[in-house]
Amino acid sequence: MTELDLAGLQRRLAAFAAAREWQPYHTPKNLAAALSVEAAELLEIFQWLTPEEAGRVMADPDTAHQVTDEVADVLAYLLQFCEVTGIDPLVALAEKIDRNELRFPVRGKAPRAEPRTESRPEPRSGSRPAPEDPSRHSSE
């Protein structure tokens with residue numbers, strides 16, 4: 001029986017790579033690059049579609065198969081990256097959601113008299129600041 005939990009899938013991926021002696025190539029840099037390439041292949045399927053066409057992409061069996069395969073590739077490389085770097089992807093995601101809930105609180109329906117002055121974390125050196133939330137600039 002196939003294991004369908006994250007830890008089980010990570011073990012299967014590690015065993016797959018070990019059987020082929022690919023571990024020397026599974027460095028964080030290489031896995032991050034492969035993840036980026038696979039994410040780009042997923043994006044390529046949607047590249048020139050309108051929003052309406054993109055919403056119907058899974059209705060076409062051939063395209064749905066392509067999307068499913070690219071999602072599997074992205075997840076495989078992400079899980080391998082997490083394994084090599086010691087990141088628990090479920091913990092990382094839960095903590096990120098916690099931070100985002102604090103950073104982007106739910107706004108009430110009543111208009112605010114003053115704009116929210118939420119402090120934004122300083123960008124890391126060499127990185128660009130996070131984009132502004134466009135909903136903050138909507139007329140209320």
Query raised in the report: With hydrophobic residues grouped by side-chain heavy-atom distances under 4.5 Å, do Leu35 and Ile45 end up in a single group?
Result: no

Query raised in the report: Are the side chains of Leu42 and Glu38 in touch, meaning some heavy atoms are under 4.5 Å apart?
Result: no

Requested in this report: Please identify each residue that fulfils side chain to side chain donor-acceptor pair (under 3.5 Å) with Thr63, with sequence neighbours left out.
Outcome: Asp60

Report task. Examine Leu75 and Tyr77 and state if one hydrophobic cluster contains both, with Ile, Leu, Val, Met, Phe, Trp and Tyr joined whenever side-chain heavy atoms are less than 4.5 Å apart. Result -> no

Query - Flag if over 12 foreign heavy atoms under 6.0 Å of CD, Glu21 - result: no

Query raised in the report: With a 4.5 Å heavy-atom cut-off, do Asp69 and His65 have their side chains touching?
Result: yes

Query - Exam field: side chain Glu70 to backbone Val67, donor-acceptor pair closer than 3.5 Å - result: no

Query raised in the report: Looking only at atom types and distance, does a side-chain atom of Arg20 sit under 3.5 Å from a main-chain N or O of Phe16, one as donor and one as acceptor?
Result: yes

Query raised in the report: Counting distance only, does the side-chain N/O of Thr68 pair as donor-acceptor with the main-chain N or O of Ala64 below 3.5 Å?
Result: yes

Query raised in the report: Looking at CD of Glu83 and CZ of Arg11, how far apart are the two atoms once the value is rounded to the nearest 0.5 Å?
Result: 9.5 Å

Query raised in the report: Could you give the distance from CZ (Arg12) to CG (Leu4), rounded to the nearest 0.5 Å?
Result: 8.0 Å

Query raised in the report: Which pair of non-hydrogen atoms, one from Ala76 and one from Leu13, has the smallest distance, and what is that distance?
Result: O-CD1, 3.6 Å

**Report entry** Remaining members of the apolar cluster that contains Val37, side-chain heavy atoms under 4.5 Å
**Finding:** none

**Report entry** Atom pair OG1/CD of Thr50 and Glu53 - distance to nearest 0.5 Å
**Finding:** 3.5 Å

**Report entry** Other residues, nucleotides, ligands: >12 heavy atoms within 6.0 Å of Phe46 CZ
**Finding:** yes

Query raised in the report: Ignoring hydrogens and geometry, is there a side-chain-to-backbone donor-acceptor pair from Gln10 to Leu79 under 3.5 Å?
Result: yes

Query raised in the report: Are Leu90 and Val71 connected in the hydrophobic side-chain network, where two residues link if heavy atoms are under 4.5 Å apart?
Result: no

Report task. Take Thr27 and Leu31, measure what side-chain contact (heavy atoms from CB on, under 4.5 Å) needs, and give me the verdict at the end. Result -> CA-CA 6 Å; Thr27 64; Leu31 291 168; over 6 Å; no

Query raised in the report: Counting only heavy atoms not in Glu44, do more than 12 sit closer than 6.0 Å to its CD atom?
Result: no

Query raised in the report: Quick one: side chain to side chain donor-acceptor pair (under 3.5 Å) partners of Asp88, sequence neighbours excluded?
Result: none

Query - Transitive ILVMFWY side-chain link Leu9 to Trp22, under 4.5 Å - result: no

Query - Arg99 and Leu102: CA distance, side-chain angles, deciding distance, side-chain contact (heavy atoms from CB on, under 4.5 Å) verdict - result: CA-CA 5 Å; Arg99 288 191 304 275; Leu102 294 173; 5.9 Å; no

Query raised in the report: From Asn30 CG over to Gln80 CD, what is the distance, rounded to the nearest 0.5 angstrom?
Result: 11.5 Å

